[in-house]
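Below is one structure. I have some questions about it.
Hydrogens, waters and symmetry mates are skipped; everything else that's a heavy atom, side chains included, is used.
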Amino acid sequence: MAQSKIPVGILGATGMVGQQYITLLNDHPWFEVRYAAASPRSAGKKYAEAVKGRWQLTKTYAPHVGDLMVEDANDVSRAVAAFKKGECSFVFSALEMSKDETKALEEQYAAAGIPVISNASAHRWTEDVPVLIAEINADHTDIIPLQKKARGWDRGFIAVKPNCSIQSYMKPIHALAQAGYEAKRMFVNTMQAVSGAGYPGVPSLDMIDNIVPYIGGEEEKSEKEPLKIFGCIDGGIFKNAEFPLISAHCNRVPVIDGHTACVSLEFAGKKPSSMDEIKKIWAAYKGLPQEAGLPFAPKQPIIYREEDNRPQPRKDRDTDKAMAVTIGRLRPCNIFDIRFVALSHNTVRGAAGGGILNAELLKHKGYL
């Protein structure tokens with residue numbers, strides 16, 4: 001194992017998102033998995049034994065990860081001991097617990113000096129915790145020193161990623177806002193993959209030959225979280241943006257991976273001169289400075305497809321390490337100004353990959 005890499009831990013390492021973290025970090029140039037923690041039923045087993053019969057991905061874990069002894073995620077002292085031995089510098093949280101339990105446990109890790117990069121929703125509305133999409137609000141990391149000071153934490157802190165269903169359309173509207181075309185109102189209809197429900201997730205008889213027009217809490221998250229991401233730091237806490245106002249319909253569809261969103265958008269003020277201008281704005285969008293050299297940052301964050309029948313989950317979800325957003329069907333809207341279809345990979349860009357990119361950003365900024 002390369003000693004020059006930063007040793008990281010995974011909380012909830014045996015679940016679907018935890019498995020994604022494990023595989024995506026297999027050959028990461030900066031980070032290496034050296035600590036795994038999960039529920040008490042997995043604790044005390046080697047990782048290979050804990051996931052036997054439960055592994056859901058086509059890629060497998062690195063041999064050294066299979067030999068790791070799984071710790072109880074509820075026992076923060078085990079992570080502290082691993083930190084002291086140089087085996088856990090920070091943790092990715094993919095905990096599958098109640099919101100209150102997750103919130104309290106992540107705070108325990110941070111208070112004990114272990115930074116937490118979370119995939120969970122528990123702290124998305126904590127007023128001094130940044131909800132990061134690296135290309136959009138990297139400056140929100142500036143709240144971390146204030147968070148640590150307010151809580152009396154020394155080395156630890158908490159940063160989270162947003163809901164997976166908003167990933168596909170946040171960068172396109174951010175790109176337009178950067179060009180001076182801010183969104184006022186949006187109507188969003190999402191078609192969300194079954195992997196977003198975890199494993200075992202939605203029963204097969206509920207999904208085969210079917211669409212389920214309800215995902216608990218999803219519409220509220222889709223309507224509220226963008227306002228925090230587009231907001232600003234004010235007096236040591238986040239002040240939400242007023243716009244865009246979003247009306248969301250969230251549906252579970254029989255697709256394995258890839259969340260698709262059909263978006264209608266109304267601009268707040270001036271409007272682009274043409275559809276071609278919008279496409280040029282999206283093509284030029286970078287989000288992150290290239291000199292940062294973040295390994296998981298997509299080279300082209302927004303990719304536009306001219307075909308009438310794209311994007312499609314099976315054909316477009318894995319584009320650029322599964323970290324890019326693919327857009328198609330841009331056209332005028334009869335009610336608002338424009339409409340388009342956008343797609344992102346929900347368990348990579350929307351979950352583990354997004355968390356890894358956030359950690360890369362935090363390392364680049366000197367917080368890890």
Any donor-acceptor pair under 3.5 Å from Glu49 side chain to Ser42 backbone
no
Ser77 versus Asp75, side-chain donor and acceptor atoms under 3.5 Å
yes
Would you indicate whether the side-chain heavy atoms of Arg349 and Leu357 approach each other to under 4.5 Å?
yes
Please confirm whether the backbone N or O of Gly44 pairs with a side-chain atom of Glu71, one donor and one acceptor, at under 3.5 Å?
no
Do Leu330 and Tyr304 have side chains that approach each other closer than 4.5 Å (heavy atoms only, starting at C-beta)?
yes
At their closest point, which heavy atom of Pro301 faces which heavy atom of Pro298, and how far apart are they?
CA-CG, 3.8 Å
Taking the basic N atoms (NZ, or NE/NH1/NH2) and the acidic carboxylate oxygens, is any pair closer than 4.0 Å for Arg305 and Asp316?
yes
Mind checking the CG-OG spacing from Leu105 to Ser93? Nearest 0.5 Å is all I need.
7.5 Å
Shared hydrophobic cluster for Val202 and Val255 (ILVMFWY, side-chain gaps under 4.5 Å)
no
Spacing of Thr347 atom OG1 and Asp257 atom CG [to the nearest 0.5 Å]:
4.5 Å
Would you please indicate yes or no on a ring centroid separation below 6.0 angstrom for Phe90 and Phe31?
yes
Under 3.5 Å donor-acceptor, Tyr285 side chain and Gln178 backbone:
no
Would you give the length of the straight line joining atom CZ of Arg41 to atom OG1 of Thr14, rounded to the nearest 0.5 angstrom?
6.5 Å
If you compare all heavy atoms of Asp320 against all heavy atoms of Lys299, which two are closest, and at what distance to 0.1 Å?
OD2-N, 2.7 Å
What are the two closest heavy atoms between Ala138 and Lys365, and how far apart are they?
O-CE, 3.4 Å
Are Lys363 and Trp30 in a cation-pi setup, meaning NZ or CZ lies under 6.0 angstrom from the ring centre and within 45 degrees of the ring axis?
yes
Is there a side-chain contact (heavy atoms from CB on, under 4.5 Å) between Val341 and Ile327 once you walk through the steps?
CA-CA 6 Å; Val341 180; Ile327 305 179; over 6 Å; no
Determine whether a donor-acceptor pair (N or O, by modelled atom type, separation under 3.5 Å) exists between the side chain of Thr126 and the backbone of Val129.
no
Short question: side chain of Gln300, backbone of Ile302 - any donor-acceptor pair under 3.5 Å?
yes
Thinking salt bridges, do Glu266 and Arg185 make one under a 4.0 Å N-O criterion?
yes
Strictly distance-based, threshold 3.5 Å: is any side-chain N or O of Asn26 a donor or acceptor partner for the main-chain N or O of Thr60?
yes
Does the salt bridge (charged side-chain N to carboxylate O under 4.0 Å, His left out) test come out yes or no for Glu107 and Arg151, once each step is laid out?
CA-CA 10 Å; Glu107 289 178 355; Arg151 295 163 181 266; 3.7 Å; yes
Heavy-atom nearest pair, Val33 first then His64, reads O-NE2, 2.8 Å
Carefully, step by step, assess Arg331 and Glu306 under the rule salt bridge (charged side-chain N to carboxylate O under 4.0 Å, His left out).
CA-CA 11 Å; Arg331 60 213 191 276; Glu306 293 287 354; over 6 Å; no
Common cluster, Val325/Leu343, ILVMFWY with side-chain heavy-atom separation under 4.5 Å:
no
Kindly state whether the ring of Phe336 and the ring of Phe187 have centres lying under 6.0 angstrom apart.
no
Check Met186 against Val188 and note the closest heavy-atom contact, atom names and distance.
CE-CG2, 3.9 Å
Would Glu218 and Asn163 count as having a side-chain donor-acceptor pair, cut-off 3.5 Å?
yes
Option among Phe92, Phe296, Tyr21 that satisfies the ring pair (Phe, Tyr, Trp, His ring centres under 6.0 Å) test with His28:
Phe296
Show the nearest heavy-atom pair for residues Arg339 and Pro332, with the distance to one decimal.
NE-O, 2.7 Å
So does Ala284 get a backbone contact from the side chain of Trp282, meaning a donor-acceptor N/O pair under 3.5 Å?
no
Could you tabulate the donor-acceptor pairs under 3.5 Å formed by side-chain atoms of residues 153-162, not counting sequence neighbours?
unit_1: Arg155; atom_1: NH1; unit_2: Ser89; atom_2: O; d: 2.8
unit_1: Arg155; atom_1: NH1; unit_2: Gly113; atom_2: O; d: 2.9
unit_1: Arg155; atom_1: NH2; unit_2: Ser89; atom_2: O; d: 2.8
unit_1: Arg155; atom_1: NH2; unit_2: Ser89; atom_2: OG; d: 2.9
unit_1: Lys161; atom_1: NZ; unit_2: Gly350; atom_2: O; d: 2.6

Is there a side-chain hydrogen bond (donor to acceptor under 3.5 Å, both in side chains) between Glu277 and Tyr181 once you walk through the steps?
CA-CA 11 Å; Glu277 183 185 1; Tyr181 306 120; 2.6 Å; yes
Give the intermediate values and the outcome of side-chain contact (heavy atoms from CB on, under 4.5 Å) for residues Tyr169 and Ser222.
CA-CA 10 Å; Tyr169 53 86; Ser222 299; 3.7 Å; yes
Would you tabulate the side-chain donor-acceptor contacts of residues 229-253 under 3.5 Å, counting partners in other chains and residues two or more places apart, or write 'none'?
unit_1: Asn251; atom_1: ND2; unit_2: Asn189; atom_2: OD1; d: 2.8
unit_1: Asn251; atom_1: ND2; unit_2: Thr190; atom_2: O; d: 3.0
unit_1: Arg252; atom_1: NH1; unit_2: Ala193; atom_2: O; d: 2.7

Donor-acceptor pair, Asn346 side chain versus Gly258 backbone, under 3.5 Å?
yes
